[in-house]
Number of protein chains: 2
Amino acid sequence: MAKRKETSTNTENRNYITTCNLTYAVCLVGGRWKLLILCKLEIGKLRFGELRNQISNITERMLTLQLRELERDGMVKRTVYAEVPPRVEYELTDISKKLVPIWCQLSNWGAQHKETMLEKSANEIESLAESN
Amino acid sequence: MAKRKETSTNTENRNYITTCNLTYAVCLVGGRWKLLILCKLEIGKLRFGELRNQISNITERMLTLQLRELERDGMVKRTVYAEVPPRVEYELTDISKKLVPIWCQLSNWGAQHKETMLEKSANEIESLAESN
DNA sequence: GCCATTACTTACTTTTTTGTTAGTACCCTA
DNA sequence: TAGGGTACTAACAAAAAAGTAAGTAATGGC
């Protein structure tokens, strides 16, 4: 998020893993708040303050950081209006819009996974009860 | 990766963001090496040592940690054979197999994104040259 | 008895990410 | 001239993730 040591094994490994396009794709949205931000923008343009209000737990600092990275990576477009008080709008780019249908599928899968895990833990509790 | 403070804002926020099914889904595969591991297992069962050899930069510690988390989250199945030297096999579960088609799409998107970024930086260099 | 093999642990350090707090610039309005 | 609104930034602290190095257990073969 901040600057990185360019020589660490950590950085080397980051480069290594992103040669895989799938890992690369997931890394782009891997920051804690990024997908939440992108989901909000899916509906339309939003101002900085609107995003902040819609994602209740995020701090201004984190919102800024994540937006900056998303902008750098071509995932959002930032438009500054020369007004006072300032107005800045964020929106999805063409490339990030292409992800929308994939997000839907992933989201469905996530819901499925949650159910699976609930069943799993229910089973475990049951078999624990039986063994007593 | 290791234990977490259960009361930190960090942990609270993690809980908050994973109420979004999409974020939840991505978090499940968010560990640095997880997608690489899952991709290898897509083809079939693999032993611990085979995984290690196929992912050249990973350490045994990281492989173990990532596999443990994947197992905990129902993403891989671990089978231990009571032999000496030990033999342990890993494979995808039903729920993680359902992700395979989504991975393909994401991977294609990742490749597209890489191209887009290459063009983008080429343009920037060009306009930089022009302005001189 | 000693070594090799396999799949890990353990203790520790480094790096990265996330969160806290307190600012800033700008102009408009009261 | 004081205060308000907006979109940030800076300096710092805490937490989490990733990496390093050196073990361990079990047993079959020499």
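All chains are named by letter (A, B, ...) in the order of the sequence lines, taking the proteins before the strands, and each is independently numbered beginning at 1.
Looking at residues two or more places apart in sequence or on another chain, you find a side chain to side chain contact (heavy atoms under 4.5 Å, CB included) between A/Thr116 and B/Ile95. By the side chain to side chain contact (heavy atoms under 4.5 Å, CB included) test, B/Thr23 pairs with A/Leu35, A/Leu36, B/Ile17, B/Cys20, B/Cys27, sequence neighbours left out. Applying the side-chain hydrogen bond (donor to acceptor under 3.5 Å, both in side chains) test to A/Thr64 and every residue at least two apart in sequence or in another chain returns nothing. Judged as a side chain to side chain contact (heavy atoms under 4.5 Å, CB included), and not counting sequence neighbours, the contacts of B/Glu124 are B/Lys120. Residues passing the side chain to side chain contact (heavy atoms under 4.5 Å, CB included) test with B/Lys40 are B/Leu46, B/Leu51, B/Gln54, B/Ile55, sequence neighbours excluded. Scored by the salt bridge (charged side-chain N to carboxylate O under 4.0 Å, His left out) test, B/Lys114 finds no partners at all (sequence neighbours excluded). Contacts of B/Asn57 classified as side-chain hydrogen bond (donor to acceptor under 3.5 Å, both in side chains), with partners at least two apart in sequence or in another chain: A/Asn13.
Judged as a salt bridge (Lys or Arg N to Asp or Glu O under 4.0 Å), the pairs with a partner in residues 48-58 of chain B (not counting sequence neighbours) are, in order, B/Arg52-B/Glu60.
Side-chain nitrogen and oxygen atoms of B/Ser8 include at least one within less than 4.0 Å of the OP1 or OP2 phosphate oxygen of D/dA16. At the phosphate of C/dT18, OP1 or OP2 sits under 4.0 Å from a side-chain N or O atom of A/Gln66. Of the side-chain N and O atoms in B/Arg78, one or more sit less than 4.0 angstrom from OP1 or OP2 of C/dC8. Distances shown here put a side-chain N or O of B/Thr11 below 4.0 Å from the OP1 or OP2 atom of D/dA16.
Atom CG of A/Leu67 is separated from atom C1' of D/dT6 by 14 Å (rounded to the nearest Å). Look at OH on A/Tyr90: it is 15 Å from P on D/dT6, rounded to the nearest Å. Here the C1' atom of nucleotide D/dA17 and the CD1 atom of B/Ile58 are 13 Å apart, to the nearest Å. The distance between atom CG of A/Leu63 and atom P of C/dT17, rounded to the nearest whole Å, is 18 Å. C/dT17 atom C1' lies 18 Å from atom CZ of A/Arg68, rounded to whole Å. Atom CD in A/Glu12 sits roughly 16 Å away from atom P in D/dA18 (whole-Å rounding). The nearest whole Å value for the distance from the CD atom in A/Glu69 to the C1' atom in C/dT16 is 11 Å. Rounded to whole Å, the distance from CG on B/Leu65 to P on D/dA18 is 9 Å.
Looking only at atom types and distance, the side chain of B/Arg32 has a donor-acceptor partner in the side chain of A/Asn10 under 3.5 Å away.
A salt bridge links B/Glu89 with B/Arg87: the closest approach of a Lys/Arg side-chain nitrogen to an acidic carboxylate oxygen falls below 4.0 angstrom. Salt bridge absent: A/Glu71 and A/Lys77 never bring a charged side-chain N and a carboxylate O closer than 4.0 Å.
In A/Asp94, the CG atom is not crowded: 12 or fewer heavy atoms of neighbouring residues, nucleotides or ligands sit closer than 6.0 Å. Within 6.0 Å of the CG atom in A/Asn123, the count of heavy atoms belonging to other residues, nucleotides or ligands exceeds 12.
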One character per nucleotide, please: for nucleotides 20-30 of chain D, 5' to 3', B when the base has a protein heavy atom closer than 4.0 Å, S when only the sugar-phosphate does, - otherwise.
B-----BB---
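Side-chain atoms of A/Arg14 lie closest to C/dT16 of the nucleotides C/dA7, C/dT16, D/dA16. In the set D/dC8, C/dT16, D/dG19, D/dG19 carries the atom at the smallest distance from any side-chain atom of B/Trp33. Minimum atom distance to the side chain of B/Asn10 is reached by D/dA15, of the listed D/dA15, C/dC8, D/dG19.
Across residues 47-56 of chain B, B/Arg47, B/Phe48, B/Gly49 each have a non-hydrogen atom less than 4.0 Å from an atom of DNA chain C (numbered order). Of the residues in residues 15-27 of chain B, none lies under 4.0 Å from DNA chain C by heavy-atom distance.
B/Tyr81 comes within contact range of no nucleotide atom at all, as no heavy-atom separation falls under 4.0 Å.
Between the side chain of B/Tyr16 and the backbone N or O of A/Ser56, at least one donor-acceptor pair lies under 3.5 Å. Between the A/His113 side chain and the B/Asp73 main chain, a donor and an acceptor come within less than 3.5 Å of each other.
The overall bend of the helix from C/dG1-D/dC30 to C/dA30-D/dT1, read as the angle between its terminal helix axes built from five base pairs each, is 30° when rounded to 10 degrees.
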